[in-house]
Every structure is written in C-alpha cells, then in structure tokens.
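Note: hydrogens, waters and symmetry copies are ignored here, and every other heavy atom, side chains too, is used.
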Amino acid sequence: MTAAESPTSAPAPAAAAPATRLVVLQHLEPEGPGLFAQEAAERGWPVQVVRLDRGEALPRLEAADLLLVLGGPMGVGDLGDPAYPWLEGEVDLLRQALAAGQPLIGVCLGAQLLALAAGGTAVPLQVGEPARPLREVGYGAITWHGDPTTDPWLRGLQASELVLHWHGDRCVLPADAELLASSLHCREQAFRIGRRAVGLQFHVELEPRQLERWLEHDRAYVVEALGADGVDRIRADAGRWGARVAQQGRRLVGNLFDQLTAEPGPNGVPQSRRR
C-alpha cells in the first residue's frame, strides 16, 4: 500500500474560495466609495478605484469581484456625448456583468446605468399635476417594501430610514426588477435585478466628513433645488441626523456585501463567504 493509499493519510485541503475584490467605477472627484470602502477594508478586501473621468480604462473583472458603480452629474441622456466617452463602454460592462451573474451595486447614476443595462432606462424626475421637474436633494425618508425583521438584505434596519438624496432623474425599471424601497417623490429608490445586482438611487456611501466637499462642489445645484438657504439647511440636517444615517448606511452596505457574495449552501440557501 502506498502512502497515498494509506487510510491514515490526511485528505487534501479543499481549495479556498477566492477573496472578494471591490472594483469601483468613480466619475467625479468628491464622490468616492466612502462607507463601501470602509466595509471592504474591515473585511480584508482589496479595493480598486477606476477614475473614468480621468481617462482610466474600464477594468477587466474577475469572477470574485464585486463591482460598485458610483454617481456623477452625467446621466443616461448623455450617452454619445463626447464629454463622457466612457459611458457606452460602462453600460456594456454592466450588461456583461449581469449576464455573468457578477455581484454589482449601482448608486445614483450607477443605479440608472444598471436599470438601462437590464432593459429599463432613466428619465427626469417629475411630480404633480401638471407634471413639473423635481430635484430630490437633502435628507429624506425611504420606506422598504420588505420586512427588516425577516429579510436578511435589511437586517438591522428600520421599516423607514432617513437617507441622503442628490438627484434629478429616476429609474424606469425593467419588468423583471424587484422594487425594494421608495420615497415620497421617487418610487424607484432601491431595486434588485436577480440575486446579484442592486441599484440604490440614494447615497448610502457618504461619510459625514465628506458632506462639506459635496456642498462646496455642488452649491449651485443645491441652491437651484432648495433655494438660497439650501446649503445651510442640509448642514443643519446633517448635524441632527448625519451620524445616524451613516450608521444605518454602514449596516445596509454590510448586508449588501453579505448577500451579493453569498454562495449556495447545502439546501440552496445562500451562505456568506465573508473574508
């Protein structure tokens, strides 16, 4: 009997699942990965940030990568605009990721591009009769359509949560999308495509210390949306609610990472491969 055949030989160790890498597509200097990068670092995940606005090439994704597409001032209507030459390639990358079952999260612009890649689109947000354009900017509530007490995607959250809004468009979802959350003025605040792709119209990623940079960079946009005192109002609201919003945002980010990177267990129930 050879050593390899010996009943006392230890079995070969199973190959470890590859570690997750967070791949970030960023479109604007102030809008970085924020709380997503914090959560990834805590898990020991490497983070690669690709600055498309600086001409950096779209990434080549590996099977274990989680793709995060951030926000920006451009939109679906800017496809084909030479000022944003990467947009069409970015949508193609999202289509490929969806087809491959790649875990991905889209935030604001990223959610709108995800909706487009999945067969929907994005249009200006309008409210009222007759309809008029609206920019949803500042702190406001969203309501989850699931039950946070039983839904692992929403673990630790309340049925309604305050979030930071900063947009003037809304997603038109494809038929197979699952609506996850809505606000008073925008129905499509969060949605899921299958089990591996989530869109968030609101900004869960913002760290409280980043807010001042946003206000400085987007002062004109805020004033147009909220009036001359809009910047001061957001600052005051951040003093009241910013820490709580960030705390709950971090919980949501953790839940998304857990669920999007989960692997099927023995009975087909997803099990996290957190590492």
Does some side-chain heavy atom of [Y] sit less than 4.5 Å from a side-chain heavy atom of [X]?
X: W214; Y: L164; value: yes
X: V107; Y: E205; value: yes
X: I105; Y: L67; value: no
X: L211; Y: I234; value: yes
X: V204; Y: L256; value: no
X: L157; Y: R251; value: yes
X: L58; Y: V50; value: no
X: V137; Y: H165; value: no

Nearest heavy-atom pair of [X] and [Y]: which atoms, and what distance?
X: A141; Y: S183; result: O-CB, 3.4 Å
X: G242; Y: P208; result: O-CG, 4.2 Å
X: G249; Y: L35; result: C-CD1, 4.3 Å
X: Q248; Y: G156; result: NE2-O, 3.3 Å
X: P85; Y: P82; result: CD-O, 3.4 Å
X: A197; Y: L260; result: N-CD2, 3.8 Å

Just how far is it from atom [atom1] of [X] to atom [atom2] of [Y], taken to the nearest 0.5 Å?
X: D81; Y: L87; atom1: CG; atom2: CG; answer: 8.5 Å
X: L68; Y: F36; atom1: CG; atom2: CZ; answer: 5.0 Å
X: Q26; Y: E56; atom1: CD; atom2: CD; answer: 9.5 Å
X: L113; Y: M74; atom1: CG; atom2: CE; answer: 9.5 Å
X: L70; Y: L109; atom1: CG; atom2: CG; answer: 9.0 Å

Please lay out, stage by stage, how W166 and F202 fare under the test ring-ring contact (aromatic ring centres under 6.0 Å, His included). CA-CA 7 Å; W166 211 281; F202 57 93; over 10 Å; no
For a quick check under 3.5 Å, do [X] and [Y] share a side-chain donor-acceptor pair by atom type?
X: E207; Y: Q38; value: yes
X: E90; Y: H27; value: yes
X: Q247; Y: R250; value: no
X: Q126; Y: R132; value: no
X: Q189; Y: E136; value: yes
X: T261; Y: T20; value: no

Side-chain heavy atoms under 4.5 Å apart, restricted to Ile/Leu/Val/Met/Phe/Trp/Tyr: what other residues fall into the cluster of L134, or is it alone? L125, V127
Within the side chain of [X], is there an N or O that forms a donor-acceptor pair under 3.5 Å with the backbone of [Y]?
X: Q102; Y: D65; result: yes
X: D151; Y: G146; result: no
X: S160; Y: T143; result: no
X: D218; Y: L215; result: no
X: E31; Y: L28; result: no

Any residue meeting salt bridge (Lys or Arg N to Asp or Glu O under 4.0 Å) with R60, in chain and number order, not counting sequence neighbours: none
Give the intermediate values and the outcome of side chain to side chain contact (heavy atoms under 4.5 Å, CB included) for residues L25 and W86. CA-CA 11 Å; L25 303 187; W86 66 84; over 6 Å; no
Would you mind checking if E188 and R170 are paired as a salt bridge, meaning a charged N to carboxylate O distance below 4.0 Å? yes
Can [Y] be reached from [X] by stepping across I, L, V, M, F, W or Y side chains whose heavy atoms are under 4.5 Å apart?
X: L79; Y: Y84; result: yes
X: L200; Y: L206; result: no
X: L252; Y: L179; result: no
X: V231; Y: L226; result: yes
X: L114; Y: V91; result: yes

Show your working on salt bridge (charged side-chain N to carboxylate O under 4.0 Å, His left out) between E178 and R192 and close with a plain yes or no. CA-CA 5 Å; E178 179 182 357; R192 185 166 59 224; 2.7 Å; yes
Going through the distances and angles, do L98 and I193 end up as a side chain to side chain contact (heavy atoms under 4.5 Å, CB included)? CA-CA 8 Å; L98 286 169; I193 307 289; 4.1 Å; yes
Can you confirm whether R21 is buried at CZ, in the sense that more than 12 heavy atoms of other residues, nucleotides or ligands lie under 6.0 Å from that atom? yes
Answer yes or no for R43 and W45: cation-pi contact, defined as NZ/CZ to six-membered ring centre under 6.0 Å and angle to ring axis within 45°. yes
Step by step, work out the side chain to side chain contact (heavy atoms under 4.5 Å, CB included) result for L104 and V69. CA-CA 8 Å; L104 68 96; V69 185; 5.7 Å; no
Dump the intermediate steps for salt bridge (charged side-chain N to carboxylate O under 4.0 Å, His left out) on D169 and R135, then the final yes or no. CA-CA 8 Å; D169 289 344; R135 290 177 175 176; over 6 Å; no
Could you check E29 against R54 for salt bridge (charged side-chain N to carboxylate O under 4.0 Å, His left out), going step by step and ending with a plain yes or no? CA-CA 10 Å; E29 174 61 37; R54 293 178 177 172; 2.8 Å; yes
Under the side-chain hydrogen bond (donor to acceptor under 3.5 Å, both in side chains) criterion, do Q201 and Q112 qualify, and how do the steps go? CA-CA 8 Å; Q201 182 58 71; Q112 295 162 15; 3.2 Å; yes
Between D147 and L154, does a side chain to side chain contact (heavy atoms under 4.5 Å, CB included) hold up when you go through it step by step? CA-CA 7 Å; D147 182 353; L154 305 177; over 6 Å; no
Test applied, side-chain hydrogen bond (donor to acceptor under 3.5 Å, both in side chains); reference residue, D237; option that passes from R235, R240, R233: R240
Can you pull the ring pair (Phe, Tyr, Trp, His ring centres under 6.0 Å) pairs that have at least one residue in residues 124-151, sequence neighbours excluded? none
